[in-house]
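Data first, discussion second: the structure below is written as structure tokens.
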2 protein chains.
Amino acid sequence: MARPRADDYDDKRKAILKTSAALFAEHGFDRASMNQIAQGCGVSKALLYHYYANKDALLFDIIRDHLDELNAAVEEASAPAAPGEARLEACVGALLDAYRDANAEHKIQINEMKRLPPEQQEELKERERQLVKVFAAALADAVPALGGGSELLKPVTMSLFGMVNWHYMWFREGGPVSREDYARIATRLILDGARSLAG
Amino acid sequence: MARPRADDYDDKRKAILKTSAALFAEHGFDRASMNQIAQGCGVSKALLYHYYANKDALLFDIIRDHLDELNAAVEEASAPAAPGEARLEACVGALLDAYRDANAEHKIQINEMKRLPPEQQEELKERERQLVKVFAAALADAVPALGGGSELLKPVTMSLFGMVNWHYMWFREGGPVSREDYARIATRLILDGARSLAG
DNA sequence: CCTACCGATCGGTAGG
DNA sequence: CCTACCGATCGGTAGG
């Protein structure tokens with residue numbers, strides 16, 4: 001009879017994911033060695049290879065889990081039938097909030113995804129596209145002039161992602177501007193600016 | 001007597017810088033080997049080490065040259081005593097234009113700077129701060145409410161950098177939106193949004 | 001300006 | 001035939 005999966009299998013997997021994400025973010029994917037990661041997790045390297053077939057699989061799982069969490073958070077915020085403007089701000093706020101304890105994962109998504117083989121990258125990029133889609137829809141809803149095939153929708157949507165995905169370069173927890181503040185600021189910049197552009 | 005520097009010393013140095021930047025951007029700093037770079041430049045590895053003491057020095061020089069070019073372009077655009085709004089758009093346009101043939105260098109600045117030792121990073125970050133300073137000043141000039149110690153100046157300035165520094169993720173040469181178009185769009189988003197926020 | 005190497009360390013896998 | 005875990009070490013390649 002097959003040996004059943006250990007009760008804490010998933011907890012251990014999550015712990016490995018969190019620790020390795022921190023090490024990848026700090027030293028980069030190539031420089032964080034499997035030995036370091038095993039040590040950081042308090043397990044043997046052989047056990048690490050029991051959970052993940054190779055280093056790439058570890059990187060893939062970190063980014064996939066992260067993107068799934070972002071998508072879940074944003075889709076939840078996008079669900080209520082709120083007016084366009086409030087819905088966009090809720091989405092931006094949900095995204096920034098999902099980034100709160102995921103700085104390492106965010107940096108890895110931005111900087112290390114290209115280390116993966118093309119098919120794996122494609123699977124992750126599909127999840128990124130899903131995220132972009134929700135924001136583009138919320139934007140087109142809040143500023144009707146951006147819908148209907150306007151050339152402005154893409155650059156404006158990407159401008160919003162630029163702001164939000166760049167926040168980790170300057171934003172500091174406990175500073176004068178909170179995450180909620182910045183969600184409001186970014187939403188205002190985009191909405192008022194887009195209305196002016198479209199008008 | 002010391003051997004004089006070859007007439008084409010600087011041309012060769014620039015060529016090495018451009019080729020290695022392309023390889024670092026494509027494969028990442030760690031994976032692009034000095035052997036690959038030497039081959040790509042059509043020189044021996046020993047000659048490469050004649051120009052640069054080590055791999056770090058090469059990385060440092062790529063980013064320093066790049067940042068110096070950005071600063072020069074933006075300071076030139078910032079010089080004319082144009083009205084605040086036009087000056088900001090000129091600065092954004094100059095920055096986006098300086099990025100035109102520097103996609104590799106831009107990616108390296110964003111992704112690989114942390115590979116350098118702290119003092120070298122500091123020297124480069126000082127150049128980044130100089131760039132930020134010019135934009136913050138142009139913004140405060142164009143939207144007076146952002147000046148005078150407003151808490152909004154930093155997040156709004158960083159929002160602008162987010163938009164512009166993120167452009168390489170989606171912008172394609174020859175697409176429906178030109179660099180000039182996007183300079184206008186980003187400037188409008190920031191200016192109209194900031195006025196609405198400050199008001 | 002070249003090639004032959006070095007000390008160190010990598011990701012990954014062996015038997016049990 | 002599966003999964004859980006160890007100590008030891010593999011072949012290759014990096015920067016210099």
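Residue numbering restarts at 1 for every chain, and letters A, B, ... go by the order of the sequence lines.
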task = List in numerical order all residues of residues 31-46 of chain B for which some heavy atom is under 4.0 Å away from an atom belonging to DNA chain C.
result = B:S44, B:A46

[X] [atom1] - [N] [atom2] separation (whole Å):
| X | N | atom1 | atom2 | answer |
| --- | --- | --- | --- | --- |
| A:Y49 | C:dG15 | OH | C1' | 18 Å |
| A:H27 | C:dC10 | NE2 | P | 11 Å |
| A:K55 | D:dT13 | NZ | P | 16 Å |
| A:L59 | C:dG11 | CG | C1' | 14 Å |
| A:D30 | C:dT9 | CG | C1' | 13 Å |
| A:Y51 | C:dT13 | OH | C1' | 19 Å |
| A:N54 | C:dT13 | CG | P | 8 Å |
| B:H50 | C:dC2 | NE2 | P | 12 Å |

inquiry  = Using a 3.5 Å limit for the pairing distances, which stems of at least 3 consecutive Watson-Crick or G-U wobble pairs does DNA chain C take part in?
reply    = none

request  = Please answer whether the main-chain N or O of B:K114 pairs with a side-chain N or O of B:Q121 as donor and acceptor at a distance below 3.5 Å.
outcome  = yes

Side chain B:T19, main chain B:A15, donor-acceptor under 3.5 Å = yes

query = On DNA chain D, nearest-nucleotide positions of A:K12 versus B:F29: which is more 5'?
reply = A:K12

inquiry  = So, using salt bridge (Lys or Arg N to Asp or Glu O under 4.0 Å) as the criterion, who are the partners of B:E126 when residues are at least two apart?
reply    = B:R129

query = With respect to the side chain of A:L47, which nucleotide from D:dC6, C:dC1, D:dG16 is positioned closest?
reply = D:dC6

key: B:E75, CD: over 12 other non-hydrogen atoms inside 6.0 angstrom   = yes

key: Stacked cation flag B:K107 on B:Y168, 6.0 angstrom / 45 deg   = no

Which atom pairs, donor and acceptor, lie under 3.5 Å between side-chain atoms of residues 82-91 of chain A and protein residues at least two apart or in another chain?
| from | atom 1 | to | atom 2 | distance (Å) |
| --- | --- | --- | --- | --- |
| A:E85 | OE1 | A:R195 | NH2 | 2.8 |
| A:E85 | OE2 | A:R188 | NH1 | 3.3 |
| A:E85 | OE2 | A:R188 | NH2 | 2.9 |
| A:R87 | NE | A:S78 | O | 3.3 |
| A:R87 | NH1 | A:D141 | OD2 | 3.1 |

For residues 148-158 of chain B, run the donor-acceptor check on the side chains, cut-off 3.5 Å, and write out each pair with its distance to 0.1 Å, sequence neighbours left out.
| from | atom 1 | to | atom 2 | distance (Å) |
| --- | --- | --- | --- | --- |
| B:S150 | OG | B:L152 | N | 3.0 |
| B:T157 | OG1 | B:L153 | O | 2.6 |

inquiry  = Testing the 3.5 Å rule here: is there a donor-acceptor pair between the side chains of B:Y49 and B:S44?
reply    = no

query = Of all residues at least two apart in sequence or in a different chain, which pass the side-chain contact (heavy atoms from CB on, under 4.5 Å) check with B:A57?
reply = B:Y52, B:N54

